[in-house]
Amino acid sequence: MANITIIGGHGKVGLLLAPLLVEAGHDVTSVIRNPDHSDDITATGATPLVADVAASGTDEITELLADSDAVVWSAGAGGGSAERTYAVDRDAAIRSIDAAVAAEARRYVMVSYFGAGPDHGVDPSDDFFAYAESKAAADEHLRAAELDWTILAPSALTLDEPTGRIDANAEKGSSVSRADVAAVVAAVLADPSTIRRTISFNNGDEPIADAIRA
């Protein structure tokens, strides 16, 4: 059993992830920005914790993670202005990584995206550019941190039903259900062979536990 904190607990992946972790016997805290979402979090079996990580300094986030064994970053600005995208997907994510180090929450799982990296190739005129730049910076910061990290890079997210099967060897992204992304997060937290690895994946034919195993 572990104390696991999900940052972005009211996102579609976060809401699907929490009950999987609770069912596995973990104590789960879901960080949310809007207090009106607290009942939704409670319904998943997790404990809601209201905090705006984009407006929180590293010390404040460290306090949020004080009792955590593991952290899952599943937050995002969700589009909109480039300024907010950089504030959430880059700056707040980087502060959360530093906070995890300070709080000695050694296990950290970052939900990124298929193709993320400094060579993402997104044109600066594209609305997606700020997100691509933000994820590249946050992922790079995590790789350099003294944490037991895993970066997950799912392809285009769908609302399809879970399949329990992925393709973690594809060279190009296609799509994957958010429910399967949640299942992959839960699976990597249970599999030490995923530490310090980046796992890109689509929906596929291989059972998740087998697909992620080193």
Side-chain angles (χ1 to χ4, degrees), residues 1-11 13-18 20-22 24-33 41 44 46-77 84-113 116-118 131 133-154 181-182 184-199 212 214:
M1 185 180 76
N3 293 324
I4 301 174
T5 298
I6 303 171
I7 300 177
H10 199 260
V13 172
L15 287 171
L16 293 166
L17 172 61
L20 298 179
L21 297 177
V22 170
H26 302 298
D27 287 331
V28 181
T29 299
S30 289
V31 178
I32 54 175
R33 186 164 58 94
I41 298 303
T44 70
T47 300
L49 177 58
V50 178
D52 183 354
V53 292
S56 301
T58 303
D59 289 347
E60 294 171 287
I61 301 174
T62 301
E63 291 181 14
L64 296 180
L65 303 180
D67 297 322
S68 301
D69 301 305
V71 179
V72 177
W73 178 274
S74 188
R84 176 154 177 79
T85 297
Y86 284 122
V88 176
D89 295 286
R90 183 189 63 190
D91 300 341
I94 286 173
R95 290 196 299 274
S96 78
I97 293 163
D98 293 341
V101 173
E104 298 183 352
R106 287 201 55 84
R107 191 72 172 100
Y108 192 111
V109 177
M110 170 72 76
V111 179
S112 187
Y113 75 94
Y131 182 75
E133 286 285 283
S134 295
K135 297 307 281 188
D139 291 355
E140 181 180 19
H141 194 79
L142 180 55
R143 290 187 180 102
E146 289 298 317
L147 293 170
D148 294 334
W149 55 265
T150 304
I151 295 173
L152 297 179
V181 174
V184 171
V185 176
V188 301
L189 284 167
D191 185 348
S193 80
T194 64
I195 289 173
R196 293 192 167 264
R197 289 173 53 209
T198 299
I199 302 173
I212 65 170

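Just the heavy atoms: all of them, side chains too, but no hydrogens, waters or symmetry mates, feed the values below.
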Visitor: Are any side-chain N or O atoms of R95 and backbone N or O atoms of S56, one a donor and one an acceptor, separated by less than 3.5 Å?
Guide: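 Such a contact is found between R95 side chain and S56 backbone.
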
Visitor: Minimum heavy-atom separation for A70 to L189, with atom names?
Guide: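 Closest approach of A70 to L189: CB-CD2, 4.0 Å.
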
Visitor: Determine whether I199 and V188 satisfy the following criterion, side chain to side chain contact (heavy atoms under 4.5 Å, CB included), listing intermediate values before the conclusion.
Guide: CA-CA 10 Å; I199 302 173; V188 301; 4.2 Å; yes

Visitor: Whether the T150 and Y108 side chains hold a donor-acceptor pair (N or O, under 3.5 Å, no angle test) is what I'd like checked.
Guide: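 Distance-only check fails for T150 and Y108.
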
Visitor: Any idea which heavy atoms bring S30 and G9 closest together, and the distance?
Guide: CB-CA, 3.9 Å

Visitor: Nearest 0.5 Å, what's the CD1-OG distance between I94 and S134?
Guide: 8.5 Å

Visitor: State, yes or no, whether a side-chain contact exists between R143 and W149 at a heavy-atom distance under 4.5 Å.
Guide: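 SC-SC contact between R143 and W149 confirmed.
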
Visitor: What is the minimum heavy-atom distance between A51 and V31, and which atoms define it?
Guide: O-CG1, 3.9 Å

Visitor: Nearest 0.5 angstrom please: I7 CD1 to W73 CH2, how far?
Guide: 5.5 Å

Visitor: Looking at E60, is its backbone amide N or carbonyl O close enough to the side chain of E63 to form a donor-acceptor pair, meaning the two atoms are under 3.5 Å apart?
Guide: no

Visitor: Just so I know, are the side chains of L147 and R107 near enough to count as touching, which here means a heavy-atom distance under 4.5 Å?
Guide: no

Visitor: I need the minimum non-hydrogen distance between S74 and G14, along with the two atoms involved.
Guide: OG-N, 4.1 Å

Visitor: Report the distance from atom OG1 of T58 to atom CD1 of I97, rounding to the nearest 0.5 Å.
Guide: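 Separation between the atoms: 10.5 Å.
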
Visitor: Of the options I32, T29, V28, which is the one that meets I6 in a side chain to side chain contact (heavy atoms under 4.5 Å, CB included)?
Guide: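 With I6 as partner, I32, T29, V28 yield a single side chain to side chain contact (heavy atoms under 4.5 Å, CB included), made by V28.
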
Visitor: Could you tell me if the side chain of D69 sits less than 4.5 Å from the side chain of I4, heavy atoms only?
Guide: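 A side-chain contact under 4.5 Å is absent here.
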
Visitor: With the side chain counted from C-beta on, respond yes when I151 and L142 share a heavy-atom pair under 4.5 Å apart, and no when they do not.
Guide: yes

Visitor: Given side chain to side chain contact (heavy atoms under 4.5 Å, CB included), test T44 with L17 step by step and report yes or no.
Guide: CA-CA 9 Å; T44 70; L17 172 61; over 6 Å; no

Visitor: Is it the case that over 12 heavy atoms from other parts of the model lie below 6.0 angstrom from the CZ atom of R197?
Guide: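 Yes, because the 6.0 Å sphere around CZ of R197 holds more than 12 heavy atoms from other groups.
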
Visitor: Sub-3.5 Å donor-acceptor pair from the side chain of H26 to the main-chain atoms of A2, do we have one?
Guide: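 Flag set: sc H26 to bb A2 pair under 3.5 Å.
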
Visitor: Can you check whether A100's main-chain N or O pairs, donor with acceptor, with R106's side chain at less than 3.5 Å?
Guide: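 Such a contact is absent between R106 side chain and A100 backbone.
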
Visitor: Minimum heavy-atom separation for A138 and D89, please, with both atom names.
Guide: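 What the structure gives for the nearest pair is CB-O, 3.7 Å.
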
Visitor: Is the backbone N or O of D67 less than 3.5 Å from a side-chain atom of N3, with the two atoms forming a donor-acceptor pair by type?
Guide: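 Between the backbone of D67 and the side chain of N3 there is a qualifying donor-acceptor contact (under 3.5 Å).
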
Visitor: Run through V109, I212, T198, T194 and flag the one making a side chain to side chain contact (heavy atoms under 4.5 Å, CB included) with L152.
Guide: V109

Visitor: Give a yes or no on whether the backbone of G117 and the side-chain of D139 come within a donor-acceptor separation of less than 3.5 Å.
Guide: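 Judged by distance alone, no pair lies under 3.5 Å.
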
Visitor: List the residues meeting side-chain hydrogen bond (donor to acceptor under 3.5 Å, both in side chains) with D191, not counting sequence neighbours, and say none if there are none.
Guide: S193

Visitor: Identify the two heavy atoms, one from R90 and one from A137, that lie closest to each other, and give their separation to 0.1 Å.
Guide: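 Result for this residue pair: CG-CB, 3.8 Å.
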
Visitor: Using the rule given for side chain to side chain contact (heavy atoms under 4.5 Å, CB included), can you reason through T5 versus L49, listing the C-alpha separation, both sets of side-chain angles and the distance that settles it, and then say yes or no?
Guide: CA-CA 9 Å; T5 298; L49 177 58; 5.7 Å; no

